[in-house]
Amino acid sequence: MNTKIDCRGLACPAPVLKTKELIEQEQPENLVVVVDNEAAKENVTRFMEHQGFAVSTSVEGSDFQVSGRAEGGAKAAPVKTVEPEELKQKIMVMVGTDRMGYGDDDLGLKLMVSFLKTLKEMGGELWRLVFVNNGVKMTVSESEVLPVLKELEEGGVHVLVCGTCLNHFNLLEKKVVGETTNMLDIVTAMQLADKVINI
Amino acid sequence: MAFPTDENVIVGLDRADDAGVYRVNDDLALIQTVDFFTPIVDDPYWFGQIAAANALSDVYAMGGIPKTAMNLVGFPIGEMDISILREIIEGGIEKMKEAGVVLVGGHSVEDAELKYGLSVTGFIHPDRVLTKKNLKDGDHLILTKPLGTGIVNTAIKGGIASPKVIERVTHLMARLNRKPAEIMSRYEVHACTDITGFGLIGHLAEMVLDSVNGIRLQSEKIPIIPEAQEYAQMGFIPAGAYRNREFRASMTEFAPSVDRFLQDLLFDPQTSGGLLICVSKKDSRALEKELKTDGVQDAVIIGEVVKNGGEKIFVQ
């Protein structure tokens, strides 16, 4: 089937979107897209190639013709929105201390730092990271794990820090990462999470 | 056109740099800059943050400290609810707070299309002004944010970007260049600029123009937003990237091994992009390390200044 569409007068990304719509609806074997600017020509070429077409271009006066032929007769695959993997579960990690385990305090701090640095290995399933009691000290300006927490936060993990606790230790002004939170939020998060891990 | 000038102008209109610099006395110079644009994200609060971070960036790129700012607003009164403007300005103020900048005024006009930005004034020592020039042979180049915001924004316009990608790129554009500017002040830095509409290559071209130097880029080192590559392959590339390429094609040489989509990314116009820091070779590793450990995770050495490079950019 031969199909021709006119995308003259359209600015990017409109020509690509029209081409995408046509390929999805009609799955043509041969397709010609007429555009009137260099950027649209380049972008439509890239898109058709990405969809498995063999592409050639020609100049027609001040316009360009981008012609595609579905390679090996294969139908072009419909375009999917690039979605990240579906989350399998939502994990909430509660950090109630700045030391991991009991015994030696220096060792406990080292372990806690190492724990927080390694948390990212949970990948997209790590949903919320909540700091309460002495744990809030990991989120203030002296903490050595700030870059790690910021990275988690930028990666989409919700970092929550207990406001009452910050207030108790007089650290409200010194918190640099995470969102100040309250007990209602924490309880609600526990209810929504698939798994709550307590440290 | 002849522009009036005087002896206290350190950086003026005669050289296209990030901001103007005016000497007040031997210890103090003023940095002045202004920037505003139409919305690039749907959320007004985040648009305010991005516009403010983008305007403040020019002061950081000169090595200075921003001090005061004024709002610039164009608003379609009657067509848009005034609460939107309030959210935009709240976003802007949030960024100004983070930068330690005070809002001292502003001006708004009725406009067919919404626009927001800032005029910013900063301080710097007159001897410590960093411009785009003054590259030295062997210097290393550090880039502090990944490339690809123009391509991702085009994909967002096309409705194919996922909410997670939109959120990530929004946060990236809203991130201040304050931290890298503070950190680089402790190292032997020869030149600096921020990456905006001309793309990485466009800004590198400005740096080597009228010099004897060239630039060699290690393409595999250049940080990019992961999704930008797929969007580029799908043809979601802003027209500005093609214009940038056309404008600087004669100054650029790509090794055959450099993928076409990576080439696209090097010309991609950035919104509120990172700093491009030209630092002495002896300091570059230490600066890169301090940036990485102090919250500027994406910072990486991407290339070097080469002698007798004939104003060219070689991409390997």
Side-chain angles (χ1 to χ4, degrees), chain A residues 7 10-21 23-24 33 35-53 55 66 68 77 79-87 117 120 124 141 143-158 176-177, chain B residues 98 145-146 150-172 174-175 179 225-246 249 259-261 263-264 267 269 289-299:
Chain A
C7 290
L10 296 179
C12 292
V16 165
L17 293 174
K18 284 195 87 163
T19 310
K20 171 175 178 272
E21 194 183 293
I23 291 176
E24 281 168 2
V33 181
V35 296
D36 61 2
N37 65 83
E38 183 77 26
K41 181 194 85 176
E42 292 277 344
N43 278 337
V44 171
T45 302
R46 279 164 174 68
F47 183 75
M48 284 207 246
E49 282 174 0
H50 186 260
Q51 294 302 298
F53 285 81
V55 182
V66 185
V79 188
K80 285 198 300 275
T81 304
V82 189
E83 281 287 352
E85 271 177 58
E86 264 307 297
L87 293 187
K117 283 183 176 167
K120 61 173 186 290
S141 40
S143 161
E144 58 181 297
V145 289
L146 287 181
V148 179
L149 298 181
K150 280 182 187 161
E151 194 180 332
L152 285 173
E153 203 171 31
E154 271 162 23
V157 177
H158 245 108
V176 277
V177 67
Chain B
E98 192 187 327
K145 282 189 193 181
I151 288 167
V152 174
N153 285 330
T154 306
I156 293 174
K157 259 191 228 162
I160 66 145
S162 72
K164 189 149 187 174
V165 176
I166 297 175
E167 189 182 323
R168 195 182 308 153
V169 77
T170 301
H171 286 235
L172 181 69
R175 193 191 300 161
K179 202 86 188 222
I225 301 168
E227 292 79 7
Q229 175 151 346
E230 168 142 28
Y231 299 150
Q233 286 168 343
M234 291 170 70
F236 287 92
I237 299 171
Y242 295 110
R243 278 197 298 272
N244 287 341
R245 186 174 68 186
E246 204 181 316
D259 190 283
R260 179 172 71 170
F261 309 110
Q263 297 186 21
D264 292 336
F267 291 105
K289 188 166 175 226
E290 186 172 349
L291 286 166
K292 275 185 185 299
T293 49
D294 206 3
V296 192
Q297 304 94 340
D298 296 307

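We name chains A, B, ... by the order of the sequence lines, and we start the count at 1 in each one.
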* To do: Write down the atom of A/Asn43, the atom of B/Gly235, and the distance for their closest heavy-atom approach.
  => CG-O, 2.8 Å
* Asked: NE2/A/His50 to CZ/B/Phe236 distance, rounded to the nearest 0.5 angstrom?
  -> 10.0 Å
* How many angstroms lie between OG1 in B/Thr293 and CD in A/Glu144, if you round to the nearest 0.5 Å? -> 11.5 Å
* Which value, rounded to the nearest 0.5 Å, describes the distance between B/Gln233 atom CD and A/Gln51 atom CD? -> 11.5 Å
* Asked: Of the listed residues (B/Leu172, B/Asp264, B/Val296), which shares the most heavy-atom pairs with chain A below a 4.5 Å separation?
  -> B/Asp264
* Asked: Tell me, do B/Arg243 and A/Glu38 make a side-chain contact under 4.5 Å, heavy atoms counted?
  -> no
* To do: Heavy-atom distances under 4.5 Å only: say whether A/Glu49 touches chain B with side chain, backbone, both or neither.
  => side chain
* Pairing of B/Arg245 and A/Glu42 as salt bridge, 4.0 angstrom limit -> yes
* Structure fact -> Cut-off 4.5 Å, heavy atoms of chain A, and the answer for B/Ala155 is neither
* Structure fact -> To the nearest 0.5 Å, atom NE2 of B/His171 lies from atom CD of A/Glu153 at 8.5 Å
* Contacting moiety of A/Leu17, where chain B heavy atoms sit under 4.5 Å -> side chain
* To do: Would you mind telling me which of A/Gly155, A/Ala39, A/Pro147 has the largest number of heavy-atom pairs within less than 4.5 Å of chain B?
  => A/Ala39
* Considering all heavy atoms of both residues, which atom of B/Met234 and which atom of A/Val16 are nearest to each other, and what is their separation? -> O-CG1, 3.8 Å
* Among the options B/Lys292, B/Arg260, B/Lys157, B/Gln297, pick out the one with the most heavy-atom pairs lying under 4.5 Å from chain A. => B/Arg260
